[in-house]
Chemist: 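First, the structure itself, so that you have it in front of you.
By convention in this document, chain letters (A, B, ...) are assigned in the order of the sequence lines, proteins followed by strands, and residues within each chain are numbered from 1.
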Amino acid sequence: EAGVVQSPRYKIIEKKQPVAFWCNPISGHNTLYWYRQNLGQGPELLIRYENEEAVDDSQLPKDRFSAERLKGVDSTLKIQPAELGDSAVYLCASSLGLAEARGEQYFGPGTRLTVT
Amino acid sequence: QQPVQSPQAVILREGEDAVINCSSSKALYSVHWYRQKHGEAPVFLMILLKGGEQKGHDKISASFNEKKQQSSLYLTASQLSYSGTYFCGTSGSSNTGKLIFGQGTTLQVKP
């Protein structure tokens, strides 16, 4: 079974430039998460989708971040414009759709973003 | 409220045991444990739900004391492959609880 796929794996951009990350979850997983992981820290949830619906985006900085999950499968996370503090690893995860507290999440390899 | 993990780092020799703790200031419904190797995705280890259960997975087991709002991960007879950073994720609610991860515990197993 294929795991969670993310691209690109690495991205270096200058500040104020836009950037987009793509995620393809495990087949059949209704729930999709985007996390940000700063160096030496645990993952921090940005947004959670149940199928096409964003059910928790309270941690998403909406002035510059946006996300979409068209057709309830693939998802894209965008930052525009990027700031130096956005440098981090952006992780995508998916799960079967059990309540978040009870279901294991499967993570992709992440996209390491460096903003210069 | 982010859970607190201890210790922050531990170095072991192969065959030695280790315990990693995860504590919360809030009531917990579940605790999730993940291991992440450098540059790789976090990998799911196990979930413990409210009820004070203990789970095992080969030589890795965990306990959950809901009264003390803490969980412990036990690594027995450590292998080189156990090296990595261990994260606990906690949730305070069965249906709407967001998973909040601790800052991680780095484990290094030496030959």
Side-chain angles (χ1 to χ4, degrees), chain A residues 1-10 21 23-26 29 31-50 54-60 88-114, chain B residues 1-9 20 22-24 26-51 53 55 57 62 64 66 71 73 84-106:
Chain A
E1 180 184 273
V4 176
V5 179
Q6 290 188 248
S7 68
R9 290 295 312 277
Y10 304 92
F21 315 124
C23 173
N24 181 244
I26 293 174
H29 281 195
T31 306
L32 184 145
Y33 312 80
W34 281 104
Y35 287 91
R36 177 170 57 192
Q37 186 175 27
N38 292 311
L39 191 63
Q41 298 294 316
E44 180 184 0
L45 182 69
L46 292 173
I47 189 168
R48 174 168 67 99
Y49 281 94
E50 294 289 345
V55 295
D56 185 354
D57 63 356
S58 58
Q59 301 284 83
L60 191 72
V89 175
Y90 290 83
L91 293 165
C92 178
S94 69
S95 68
L96 274 173
L98 291 175
E100 190 175 351
R102 290 180 276 139
E104 59 263 42
Q105 298 179 26
Y106 296 86
F107 284 84
T111 297
R112 182 176 296 276
L113 174 68
T114 302
Chain B
Q1 231 75 342
Q2 184 181 37
V4 177
Q5 291 185 230
S6 62
Q8 282 191 315
I20 299 172
C22 174
S23 297
S24 174
K26 289 194 165 185
L28 296 178
Y29 172 78
S30 66
V31 180
H32 304 219
W33 286 98
Y34 288 81
R35 176 173 60 211
Q36 185 177 30
K37 294 185 181 285
H38 184 69
E40 298 181 11
V43 174
F44 170 77
L45 294 176
M46 63 188 79
I47 293 177
L48 299 103
L49 302 180
K50 185 176 178 180
E53 65 180 290
K55 274 194 173 181
H57 182 296
F64 177 22
E66 63 191 81
S71 175
L73 186 71
T85 301
Y86 290 78
F87 294 98
C88 68
T90 59
S91 176
S93 169
S94 61
N95 288 316
T96 61
K98 180 182 303 184
L99 199 61
I100 300 175
F101 287 91
Q103 82 280 17
T105 295
T106 300

Chemist: Report the residues that fulfil side chain to side chain donor-acceptor pair (under 3.5 Å) with B:Ser24, sequence neighbours left out, ordered by chain and then residue number.
Modeler: none

Chemist: Which bit of B:Gln8 is near chain A, if near means a heavy-atom gap under 4.5 Å: side chain, backbone, both or neither?
Modeler: neither

Chemist: Check each atom of B:Gln5 against the heavy atoms of chain A and say whether the ones under 4.5 Å are side chain, backbone, both or neither.
Modeler: neither

Chemist: Where do A:Tyr35 and A:Pro43 come nearest, in terms of heavy atoms and distance?
Modeler: CD2-CB, 3.6 Å

Chemist: Mind ranking B:Gly39, B:Cys88, B:Ala41 by heavy-atom pairs under 4.5 Å with chain A and telling me who comes out on top?
Modeler: B:Ala41

Chemist: Does atom NZ of B:Lys26 have more than 12 heavy-atom neighbours from other groups under 6.0 Å away?
Modeler: no

Chemist: Under the rule for side chain to side chain donor-acceptor pair (under 3.5 Å), what residues qualify as partners of B:Thr90, not counting sequence neighbours?
Modeler: none

Chemist: Just so I understand: if I count every heavy-atom pair under 4.5 Å between each of A:Ala93, A:Gly108, A:Gly110 and chain B, which residue has the most?
Modeler: A:Gly108

Chemist: What distance do A:Phe21 atom CZ and A:Tyr90 atom OH have between them, rounded to the nearest 0.5 Å?
Modeler: 5.5 Å

Chemist: Is A:Glu44 in contact with chain B via its backbone, its side chain, both, or neither, using a 4.5 Å heavy-atom distance?
Modeler: neither

